[in-house]
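In this text, all values refer to a predicted model and were calculated from it rather than measured experimentally. Numbering of ligands and ligand atoms starts at 1, following listing order. All residue numbers in this chain count up from 1 along the given sequence.
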Amino acid sequence: MYFRLVREATRAPRRDGAVRGERGESEATVGTSRSVRETSSAKGGAVVRRGRGAAAVDATFARRLRFLLGIVVPSWRSEEAFLLVTQSFALVSRSFISLRIAEKGGDGMRCVMERDWRGAQVVLADFFVSGVAAAVVNSALKYLTNSITTCFRERLTLYVHDAYLSHRAYYKAAVLRHGDLDNADQRVAEDLHQFCSTMSDLYARTFKPLLDVILSTKRMSETMGYSGLFILYTYFGLSGAMVRAFSPPFGEYIAQTQKREGEFRRDHARLIQHAEEVAFLDGSAREKQILNNSLHELTTWSHFYYYAQFKQGIVDQYALKYFASMIGWPVLAVPFFYSNLTPSEIAARYKENDTLIKSASGSIGDLMLVYKKLQRLAGFTARVTELIESVESLSTEPSTVHVTGDDDGMHFDRVTVHAPDGRLLVKDLTLHIKPGESVFITGANGAGKTSIFRVLAGLWQASSGNITRPVQGLATTVDGEAAIFYVPQRPYLVSGTLRDQIMYPLPGNAACDDDVFECLQLANLVKLVDASPDGLSRSEHDWANVLSGGEKQRIGLARLYFHRPTFAILDEATSAINPDEEGLLYAHIETLGITAFSIAHRLELKRFHALHLHLAADGTGKWSLKDLRRISFMGNLESIKSLRRSIDAGALNESTMSN
Ligand SMILES: Nc1ncnc2c1ncn2[C@@H]1O[C@H](COP(=O)(O)OP(=O)(O)OP(=O)(O)O)[C@@H](O)[C@H]1O
């Protein structure tokens with residue numbers, strides 16, 4: 001059976017590809033990822049490429065570990081350094097306590113043989129004190145190890161967050177698959193923790209056995225000399241080297257396990273995210289198949305991994321524990337055959353040395369097995385450094401967009417845009433859009449309408465040309481206003497209150513409630529406030545499940561009204577809103593003085609724009625720009641509010657709107 005498992009597990013990479021295809025990712029997307037990955041490697045992925053797949057205990061591992069240690073222990077005055085020093089003291093104390101307990105065990109034996117009641121009482125008192133000290137130090141060691149893990153994790157995660165959330169590296173990793181970074185969430189949430197706990201545990205588990213061996217050897221040599229111990233330790237050295245030489249690459253196995261765990265978790269997360277669509281399509285059977293495939297991958301691999309551990313465990317246990325005891329006993333006993341000590345002294349020292357030799361053998365065994373822990377650490381180190389190197393290279397990718405601090409307008413200067421799979425979308429686009437000149441953008445599906453704005457926002461690179469634009473998002477212009485704001489077809493709904501939805505990406509602030517309420521009023525969403533006694537503080541677990549498609553779009557518009565940017569990109573932002581209100585909502589955008597770039601399929605919206613950009617979508621990258629006769633909705637805030645009242649009263653029809 002296990003041969004089959006091994007075969008399946010080692011075939012996994014190929015099956016992986018097949019399953020990905022099965023899961024319905026389009027060929028174009030897969031191809032895109034690949035081509036992008038190659039480009040990204042060429043750009044900044046040298047470090048990443050070198051490290052991929054390598055999780056051995058070697059020079060690369062040492063270099064990576066040094067780099068990560070520099071992050072988790074930034075200086076000798078840091079909290080982490082203090083904890084490490086305290087842990088070292090605790091480890092030294094623990095070794096001395098062990099030594100004392102062994103010595104008192106021998107003394108106890110002597111007292112028994114000599115029927116020395118007074119001496120026995122002293123030994124008992126000593127055991128009592130040493131026991132309390134050992135209990136405190138042991139618990140302190142556990143506590144310190146956990147504290148070090150937590151501090152390391154916090155440092156490392158903050159470091160990763162800095163790079164992951166700058167220059168939209170998360171988008172490039174998740175959507176464009178630049179940097180070849182699979183399951184970034186799994187790496188950040190799980191792998192960083194595993195790395196830190198393995199790292200702090202390894203230190204404790206290496207330092208203490210080493211100290212135990214040194215101290216026990218010194219003590220034992222007083223009655224046994226060094227020659228027997230030398231034979232025993234040589235055996236350990238040789239058997240340890242052999243075990244290490246024939247051990248499978250467990251570091252690599254751990255990296256593979258984490259990868260498969262991440263894939264399984266991602267498939268479940270995707271089902272939760274798209275639960276409604278799947279339920280409507282009655283896709284349960286297909287989803288089950290996808291999840292079961294992913295689970296099968298994971299369990300096949302786990303069987304293989306645990307079986308490899310089982311085989312290796314037999315070798316390790318026999319060579320480093322039981323066979324070692326067989327050699328250890330004569331080493332312990334023979335010197336006493338030739339000693340001049342009294343029988344009670346022999347019994348006392350034999351008992352003490354027996355305890356010490358067992359402890360030293362155990363410690364040497366632990367040290368011999370440190371390579372296993374190192375391999376484990378190498379696996380996590382590889383995953384963590386891949387993550388850091390990838391997100392750092394992503395956040396430093398050069399940009400073709402020049403950002404100016406003023407809102408003089410947007411300049412597209414001979415901008416050519418290709419899709420990630422290399423298809424030409426737009427060629428030499430040249431535009432100068434001044435504030436007040438709204439642009440209506442049309443073109444067939446996939447023409448590249450959104451892609452122009454992806455390039456404008458710096459999410460994609462232009463193949464050539466230059467873009468000059470004001471600052472984006474909530475970074476403000478010199479006048480203190482937001483400059484460019486994006487309203488997508490499906491607005492992102494943050495977890496939190498109703499107020500948070502409108503103020504996003506600013507944190508919710510009750511001091512702005514009047515403004516927030518007015519924006520909700522203009523977007524005709526007051527019913528959401530009225531429906532809850534909490535008003536604007538109404539909170540939902542997932543707003544996306546609570547709001548209808550049109551309501552979500554209204555939230556996007558209310559958010560836009562709240563931030564009042566100079567420019568707004570409306571990407572089919574009103575497509576789910578009933579047409580009789582769409583014009584009104586657009587009119588309000590104009591009233592607020594927001595210059596709109598509207599991607600829309602409903603041609604009636606043209607009248608709110610000054611220019612019409614059309615993309616040919618025929619593979620030539622052609623585009624055309626028309627100056628529209630401006631038939632704009634003229635109005636002010638009050639007239640719009642009165643229109644809103646008319647709509648609410650059911651007294652408005654389309655002809656009233658298109659005055
Ligand atoms: N992350 C991506 N990876 C690979 N290709 C992509 C990605 N995003 C978009 N594309 C491709 O780029 C092309 C242009 O996409 P874009 O979203 O700009 O189209 P659009 O004109 O806005 O279409 P629609 O009207 O359907 O929204 C499409 O063919 C699409 O498949």
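For ligand 1, the atoms lying closer than 4.0 Å to a non-hydrogen atom of Ser451 are 14 (C), 15 (O), 16 (P), 18 (O). Residue Thr450 has at least one heavy-atom neighbour below 4.0 Å for each of these atoms of ligand 1: 17 (O), 18 (O), 22 (O). Near Ala419, meaning under 4.0 Å from any of its heavy atoms, are these atoms of ligand 1: 12 (O). Near Lys449, meaning under 4.0 Å from any of its heavy atoms, are these atoms of ligand 1: 18 (O), 20 (P), 21 (O), 22 (O), 23 (O), 24 (P), 25 (O). Residue His601 approaches ligand 1 through these ligand atoms, each under 4.0 Å from one of its heavy atoms: 25 (O). Shown in contact with Trp460 at under 4.0 Å from a heavy atom are these atoms of ligand 1, numbered in order with element: 7 (C), 8 (N), 9 (C), 10 (N), 12 (O).
The shortest N or O to N or O distance between Ala447 and ligand 1 is below 3.5 Å. Residue Pro420 has no N or O atom closer than 3.5 Å to an N or O atom of ligand 1.
Judged by the shortest distance from any of its heavy atoms, Gly448 lies inside the 4.0 Å radius around the atoms of ligand 1. Between Glu572 and ligand 1 there is a heavy-atom distance shorter than 4.0 Å.
Side-chain polar atoms of His601 and Thr442 form no donor-acceptor pair below 3.5 angstrom. Judged by distance alone, the side chains of Gln489 and Asp571 never bring a donor and an acceptor atom under 3.5 Å apart. Tyr492 and Trp543 share no donor-acceptor pair across their side chains, judged by distance under 3.5 Å alone. Under 3.5 Å, the side chains of His614 and Ser624 contain no donor-acceptor pair of N or O atoms.
Thr430 is not listed as a side-chain neighbour of Val415, based on a closest heavy-atom distance of 4.5 Å or more. Taking the side chain as every heavy atom from C-beta outward, His588 and Tyr561 approach each other to under 4.5 Å. Counting only heavy atoms from C-beta outward, the side chains of Gln501 and Val494 approach each other to under 4.5 Å.
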